[in-house]
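Okay, so here's the structure we're looking at.
Since the structure is predicted, the reported quantities are computational estimates derived from the model, not experimental observations. All heavy atoms count here, side chains included; hydrogens, waters and symmetry mates do not.
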Protein chains: 2
Amino acid sequence: MKLTSNRSPNPLSSSCEQCGLSNLCLPLAIAGEDLSRLDAVVKRDSMYARGSKVFAQNAPFTSCFVVKSGAVKTSMMSERGDEKVLGFYLPGEMFGLDGVNDGAYACSAEALERSAICEIPFEHLEQLARELPHLQRYLFRLMSREIHGAEELSMLLSKNTADERIVSLFLTLSSRHARRRLSPTRFSLPMSRGDIANFLGLAVETVSRVLNRLQSQHLVKVNGRTVELLDIEALQRQLQQPAEPCISAIKLMDRP
Amino acid sequence: MKLTSNRSPNPLSSSCEQCGLSNLCLPLAIAGEDLSRLDAVVKRDSMYARGSKVFAQNAPFTSCFVVKSGAVKTSMMSERGDEKVLGFYLPGEMFGLDGVNDGAYACSAEALERSAICEIPFEHLEQLARELPHLQRYLFRLMSREIHGAEELSMLLSKNTADERIVSLFLTLSSRHARRRLSPTRFSLPMSRGDIANFLGLAVETVSRVLNRLQSQHLVKVNGRTVELLDIEALQRQLQQPAEPCISAIKLMDRP
DNA sequence: AACATTCTTTGAGTTGGGTCAATTCAGCTA
DNA sequence: TAGCTGAATTGACCCAACTCAAAGAATGTT
């Protein structure tokens, strides 16, 4: 449930100061557009308790949202009734754009920890986009980026080992932290092991085991929800190199 | 390579007649907008040979495309250098929208068979969208649908058995055929087994085996690239029911 | 028609990661 | 500070799907 709902005089630009880099206002600021027009369309700016829903799957689509502090996960219910985590959103990132199509949210969104989230009614944004060409273009870009992000997830889930999936998640989180000028090597995971496992298409037990493995290889150091990447380059290499077919090679060598 | 490039007087509305239902023009026609404005922005309408690229990954983004006849696959190259098939596009469907973000196509697109494809320079579309509110909204919807589609693929790749993935693909293709008022029970697969396997995150051999299994269950009939769905409802049930944990049950019963 | 090439199927054997079960740990509340 | 509850870890075992290998179809080429 929402905790507070304080209407700030200029929520979007204040978002920039709070989270270092708001996806929404930065490009517009660069483009030199009038931000006051945008302020008017921002509905509210609320606190969400950990575990509370921002919107539910199939609820009528009204707004998209920007994380100002905290973290959010989006997930989808399958026909069989089990949940699939689709993404994690950190401060400065926008979510809720997949509901535009048929007027209902395709996924639900939930705060992973106490979070400040600002809501932007899409209809207003749409209308304003007609008058501000940069805003229209920016929205197209945001949605395109979301397509790309979902495609990358499909890619990750396709033919990658458990180790690669975890490493990939860590590196993605790392670079997203870097964009906000936070440490790319040391950060905390706002989501549970269960969420990580679900997101990466693994079992919780596997996540746990992989974390230990990476730790024993001195690639990362994990302590509860705190991660430290000890050797980012080695981690990146792990995603590029094809997993060596060591066993087949040995088999070949064993032949007379 | 492109084979011909004949500029038709009204490519968009002719697309409707050709493919039964063009995603692009239908909602606009409903909205009563002036289609002639749209005709002007459509660049060309070309034939592509089987296997020829419509655009390559990382090439500068200029246009989005609509399939008029034939079929297209989009795919992405991983850092390791292997291909991941991201989607199949049938007549009336638009592709190439994931390049808006950073000015380069995020995936490449290739004709699966001899295909007629019409190209729409995005910049023109964007500009026109400012003047035609319905077009702007329609583009947002299209992109939102694309996000949704990619999310569903992630979902499919996450925790589904090989059988479920194949069934899901068949049912999706079926309903897409139905939208074009073609038979939902009997259609041909424009893509190879390899493409199917890659798209579904499986090995080719597994696809082949699953196809046989479904056939022996009298759920489908497959002959080369022709599929017949013998019992759509049974297929749908297979996706809803949780895979019965028969073995555990037996184990429990065996206990003294 | 014979050949070459690619696509598809079938068989045999292996394994990465899942499931189940049992602890251990961490965060709360009282 | 003990006690409770859900989260995380660890171990043992197993299976769905992968890999490797080879045969069989289909398709194109000369």
Task: Rounded interatomic separation in angstrom, taking CG from B:Leu211 and P from C:dC7 - done: 17 Å

Task: More than 12 heavy atoms of other groups within 6.0 Å of A:Arg225 CZ - done: yes

Open item on the list: Using a 6.0 Å cut-off, check whether atom CZ of B:Arg50 has over 12 heavy atoms from anything other than its own residue.
Closed with: no

TODO: In whole angstrom, give the distance that lies between atom CG of B:Leu189 and atom P of D:dA26.
DONE: 16 Å

Task: Spacing of B:Asn198 atom CG relative to C:dT8 atom C1', expressed in whole Å - done: 16 Å

Open item on the list: Applying a 4.0 Å non-hydrogen cut-off, can you work out what A:Leu202 is touching in the nucleic acid: base, sugar-phosphate, or nothing?
Closed with: sugar-phosphate

Task: Parallel, tilted or perpendicular: ring planes of A:Phe170 versus A:Phe187, cut at 30 and 60 degrees - done: perpendicular

TODO: Using atom CG of A:Asn223 as one end and atom P of C:dT24 as the other, report the distance to the nearest whole Å.
DONE: 19 Å

Task: Atom pair distance, as rounded to whole Å: CD in A:Glu164 and P in C:dG16 - done: 12 Å

Open item on the list: The side chain of A:Glu205 is closest to which nucleotide in this list: C:dG18, D:dG11, D:dA17?
Closed with: D:dG11

Interface polar pairs with nucleotides 4-8 of chain D, N/O, under 3.5 angstrom:
unit_1, atom_1, unit_2, atom_2, d
D:dA8, OP2, A:Arg193, N, 3.2

Open item on the list: Before you tell me yes or no, could you show the steps for A:Lys159 and B:Asp82 under salt bridge (Lys or Arg N to Asp or Glu O under 4.0 Å), namely the whole-Å CA-CA distance, both residues' side-chain angles and the distance that decides it to 0.1 Å?
Closed with: CA-CA 10 Å; A:Lys159 279 283 175 189; B:Asp82 36 32; over 6 Å; no

TODO: Measure the OG-CG distance between B:Ser174 and B:Leu235 for me, rounded to the nearest 0.5 Å.
DONE: 9.0 Å

- [ ] Take the protein atom CZ of A:Arg209 and the nucleotide atom P of D:dC13, then report the distance between them rounded to whole Å.
- [x] 13 Å

Task: Integer-rounded Å distance: C:dG17 C1' and A:Lys159 NZ - done: 14 Å

- [ ] For the side chain of A:Ala203, starting at C-beta, report the closest nucleotide among C:dA12, C:dT19, D:dA17.
- [x] C:dT19

- [ ] Write down the distance between CG (B:Leu200) and C1' (D:dA16), rounded to a whole number of angstrom.
- [x] 16 Å

TODO: Look at the rings of B:Phe55 and B:Tyr105 and say which category their plane angle falls in: under 30° parallel, 30 to 60° tilted, over 60° perpendicular.
DONE: parallel

TODO: To the nearest 0.5 angstrom, please state how far the CD1 atom of B:Ile147 sits from the CD atom of A:Glu146.
DONE: 5.5 Å

